Amino acid sequence: DARVDLGVRVTPLNDDLVVVLVEDRTQARRIEETRRDFVVNVSHELKTPVGGLRLLAEAVEDAADDAEAVARFAGRMKTETVRLANLVQEIVDLSRLQGADTVAAAKPVDLGECAVRATEETRLLAESRNIEVLLRADEESHVVLGDENLLTTAIRNLVSNAVNYSPADTRISVVVTTDDDDVAVQVTDQGIGLSAADVERIFERFYRVDPARSRQTGGTGLGLAIVKHVCANHGGRIRVWSEPGVGSTFEMQFPCWSAEREHHLADPDAPL
Ligand code: ADP
């Protein structure tokens, strides 16, 4: 979108002079459009589980005399409620991340430990499809400056996607390494893979290659948008290699942190 919005304000200073203020409103307009699109998408996405809950509540009413059916519908209501709660949580996380360029109260965080937590949290999901998740780390320091919960969430989103978009009985590897000045986390699966055109779009909010599959796995379509913003807010980046039918690798990279370096930043004459 190459359109440029200019705001012009003219204020007379005296009989001979006027002040002309020209303001570039392009950025403000883009932010406003993004916000409006988000609200439209969010209301659309919320309608699905809310509509589902209403239908299930009606079904419970109609089946009042059939205890077995009531129990079945109640179970499905519980599932829908969990999905709704996840969606609301992710919407809140994402809007917080979008509203900031950095993370508040960043601390030194060991990405290796985040990876352990993230794989632990996805273990039941992986086991339910007999998918093995292997975690490896090199001997270097994996400390970055950031928010431990957000970094763990980003890794967990990549690992749970790897599970959800892979056939049963396959393998996922999570590798944490430090290279030069960066710590990298790579998640590789033997899953369905992505076309180049889809790789371009998967970080957009609510974009799903196969909406039915995403819904079946309880996906919200926000996982990768959150990953993208966590990377951006930590001064990092994300890259993807993928081949349909073969598998995918998602790699996040963050600048590594060391006590010596922080000391050096605070006092540039101190030895690095
Ligand atoms: P969802 O909740 O739908 O998983 P995400 O934002 O996490 O949302 O991912 C967006 C879409 O990207 C998914 O719906 C899926 O089509 C695709 N995708 C994500 N990770 C993978 C992967 N590891 N392999 C294949 N496709 C993937």
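Order of listing sets the numbers, starting from 1, for every ligand and every atom in it. Heavy atoms only: backbone and side chains are in, while hydrogens, waters and symmetry mates are out. The model shown is predicted, which means the values in this text are computed figures rather than measured ones.
Among protein heavy atoms, atom 5 (P) of ligand 1 sits closest to Leu224 N, 3.6 Å. Taking atom 12 (O) of ligand 1 as the reference point, the nearest protein heavy-atom neighbour is Ile202 CG2, 3.2 Å. Annotation: atom 7 (O) of ligand 1 to nearest protein heavy atom, Asn161 ND2, 2.8 Å. Of the protein's non-hydrogen atoms, the one nearest atom 15 (C) of ligand 1 is Tyr165 CZ, 3.6 Å. Scanning all protein heavy atoms for the shortest distance to atom 8 (O) of ligand 1 gives Gly221 CA, 3.2 Å. Here the heavy atom of the protein found nearest to atom 3 (O) of ligand 1 is Ser214 OG, 2.6 Å. Looking only at heavy atoms of the protein, atom 11 (C) of ligand 1 is closest to Tyr207 O, 3.7 Å.
Atom CD of Glu200 is surrounded by 12 or fewer heavy atoms from other residues, nucleotides or ligands within 6.0 Å.
Taking every non-hydrogen atom of Gly223 and a distance limit under 4.0 Å, the qualifying atoms of ligand 1 come out as 5 (P), 6 (O), 7 (O).
In terms of modelled atom types and a separation under 3.5 Å, the side chain of Arg205 and the main chain of Ile91 share no donor-acceptor contact. With Thr153 contributing its side chain and Asn149 its backbone, the two residues share a donor-acceptor pair below 3.5 Å. Checked by atom type and distance alone, the side chain of Thr102 never pairs as donor or acceptor with a backbone atom of Asn233 at under 3.5 Å.
Only the side chain of Asp189 comes within contact range of ligand 1, with a heavy atom under 4.0 Å; no backbone atom does. At a heavy-atom cutoff of 4.0 Å, ligand 1 is contacted by the side chain of Leu194 but not by its backbone. Contacts of Phe250 with ligand 1, taken as heavy-atom pairs under 4.0 Å, involve the side chain alone.
Taking CZ of Arg29 as the start and CD of Gln27 as the end, the distance is 10.0 Å to the nearest 0.5 Å.
When side chains are defined from C-beta on, Glu148 counts as touching Arg117, because their heavy atoms get closer than 4.5 Å.
Residues passing the salt bridge (charged side-chain N to carboxylate O under 4.0 Å, His left out) test with Arg36, sequence neighbours excluded: none.
Val185 and Tyr165 fall into different hydrophobic clusters, where Ile, Leu, Val, Met, Phe, Trp and Tyr are joined by side-chain heavy atoms under 4.5 Å apart, directly or via other members.
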